[in-house]
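Since the structure comes first, as structure tokens, the remarks are kept for the end.
Proteins get letters first, then strands, A, B, ... in listed order; numbering begins at 1 in each. Bear in mind the structure is a predicted one, so any value in this text is a computation, not a measurement.
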2 protein chains.
Amino acid sequence: MTPAEIQDTVSALFCAFLEENKQRKTPERLAILKCIYNQTEHFNVESLHQQLKELPGNISRATVYNTIELLLDCRLIIKHQFGKSLAQYEKSYQSKQHDHLICEDCNKVFEFCDPRIHQIQRTTEELTNIKVSHHSLIFYGHCQSWQKFEKCEHKDQDL
Amino acid sequence: MTPAEIQDTVSALFCAFLEENKQRKTPERLAILKCIYNQTEHFNVESLHQQLKELPGNISRATVYNTIELLLDCRLIIKHQFGKSLAQYEKSYQSKQHDHLICEDCNKVFEFCDPRIHQIQRTTEELTNIKVSHHSLIFYGHCQSWQKFEKCEHKDQDL
DNA sequence: CTTATTGCAAAGTGTTTGCATCTTA
DNA sequence: TAAGATGCAAACACTTTGCAATAAG
């Protein structure tokens with residue numbers, strides 16, 4: 001699927017969701033979705049709002065928060081709370097489930113995937129009799145204890 | 001170990017830590033540690049401060065934050081960020097490692113323990129070449145989809 | 001034309017900081 | 001008695017809310 005095809009698909013999905021839920025299809029909401037699906041990394045409300053200010057239309061922070069809520073509802077984005085107060089988001093259409101490893105030396109966020117988390121989930125569901133809908137697994141580590149610093153040099157980036 | 005013995009032990013550990021790090025042994029710090037080790041559940045800064053206000057001495061929120069930082073450093077407490085902005089803490093001396101399942105219907109927090117998380121950790125360390133120091137695993141679920149509501153009735157508590 | 005949505009600014013919430021005062025070592 | 005810790009209040013950072021103006025259906 002090309003980036004353009006993905007943009008079209010998520011727009012269509014969002015419009016369908018809005019109709020179903022009797023919410024209005026505003027240019028602001030579609031612009032925000034488009035901007036989000038142009039991101040390649042995690043993003044936060046502030047960085048998104050900065051980018052939206054470049055566009056014509058003057059989209060306010062309140063609208064960004066409002067739209068993010070809708071996009072979370074229809075599962076087109078995922079929210080992460082990586083320990084700091086600042087919430088991080090990422091687009092989720094067609095991206096496979098993954099978890100995160102955060103290096104506390106350089107603040108870099110790595111993604112990984114391990115099927116055994118689902119086994120733990122199933123066991124926990126059986127044990128507690130509570131159906132699990134989603135999870136958050138974050139490892140916190142230190143790159144400097146095992147390797148040369150240049151391998152992990154993005155000091156104080158993102159997050 | 002009786003509760004009183006635990007109190008004595010953690011006080012001694014904290015004092016040793018303070019001496020080692022050339023920090024002062026103030027009555028406020030010891031009172032905060034004692035109050036924390038009287039908690040049976042997760043707590044937050046606000047609830048802790050409320051309880052401390054009952055005591056003589058008038059301990060300020062700033063001192064609570066300061067002391068919590070020290071207690072985190074010497075690993076006598078653990079911090080959790082359960083998705084909301086409000087940070088939760090729990091005492092950690094002699095408590096075995098565990099993870100959390102949060103029911104989104106009733107906000108109740110369950111604890112569980114699964115050794116397979118360490119296998120995932122080891123694999124991830126090998127894969128990324130980053131040494132993991134700690135982790136956070138949270139399952140989010142819904143009790144009402146599988147069982148009667150009365151089994152999980154503490155609506156809107158804690159968190 | 002009706003009502004949801006918007007932009008703005010103000011209010012909230014949890015945490016951090018600056019500073020004068022007090023207290024530990 | 002000097003460096004560090006305290007209490008207070010103000011500052012902060014991120015998020016939510018109230019409201020008049022606007023625009024979607």
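- Cluster annotation: B:Ile78 and B:Ile68 are assigned to distinct hydrophobic clusters (Ile/Leu/Val/Met/Phe/Trp/Tyr, side-chain heavy-atom contacts under 4.5 Å, transitive).
- Contacts between residues 18-30 of chain B and DNA chain D, defined by a heavy-atom separation under 4.0 Å, are made by B:Gln23, B:Arg24, B:Thr26, B:Glu28, B:Arg29.
- Heavy atoms from other residues, nucleotides or ligands lying under 6.0 Å from CZ of B:Arg75 number 12 at most.
- Within residues 60-81 of chain B, the residues having any heavy atom closer than 4.0 Å to DNA chain D are, in order of number, B:Ser60, B:Ala62, B:Thr63, B:Asn66.
- Spacing between atom CD1 of B:Ile32 and atom C1' of D:dT6 amounts to 10 Å, rounded to whole angstrom units.
- By the 30° and 60° cut-offs, the orientation of the rings of A:His134 relative to B:Tyr140 is parallel.
- Of the possible donor and acceptor atoms, none in the side chain of A:His135 sits under 3.5 Å from a partner among the backbone N and O of B:Gly141.
- Here the side chain of A:Lys79 pairs no donor or acceptor atom with the backbone of A:Ala87 at under 3.5 angstrom.
- Using a distance-only test at 3.5 Å, with no hydrogens or angles considered, no donor-acceptor pair links the side chain of A:Asn21 to the main chain of A:Gln23.
- Classified by interplanar angle (parallel below 30°, tilted 30° to 60°, perpendicular above 60°), the ring pair A:His100/A:His98 is perpendicular.
- When rounded to the nearest whole Å, the span between CD of A:Glu46 and C1' of D:dT16 equals 15 Å.
- Linking Ile, Leu, Val, Met, Phe, Trp and Tyr whenever their side-chain heavy atoms come within less than 4.5 Å leaves B:Phe82 and B:Phe43 in two separate clusters.
- Within 6.0 Å of CD on B:Glu41 lie no more than 12 heavy atoms contributed by other residues, nucleotides or ligands.
- Distance B:Ile59 CD1 to D:dC8 P: 11 Å, rounded to the nearest Å.
- In the region residues 48-58 of chain A, proximity to DNA chain C at under 4.0 angstrom, judged on heavy atoms, holds for A:Gly57, A:Asn58.
- Within the 3.5 Å criterion, the main-chain N or O of A:Lys34 finds a donor-acceptor partner in the side chain of A:Gln7.
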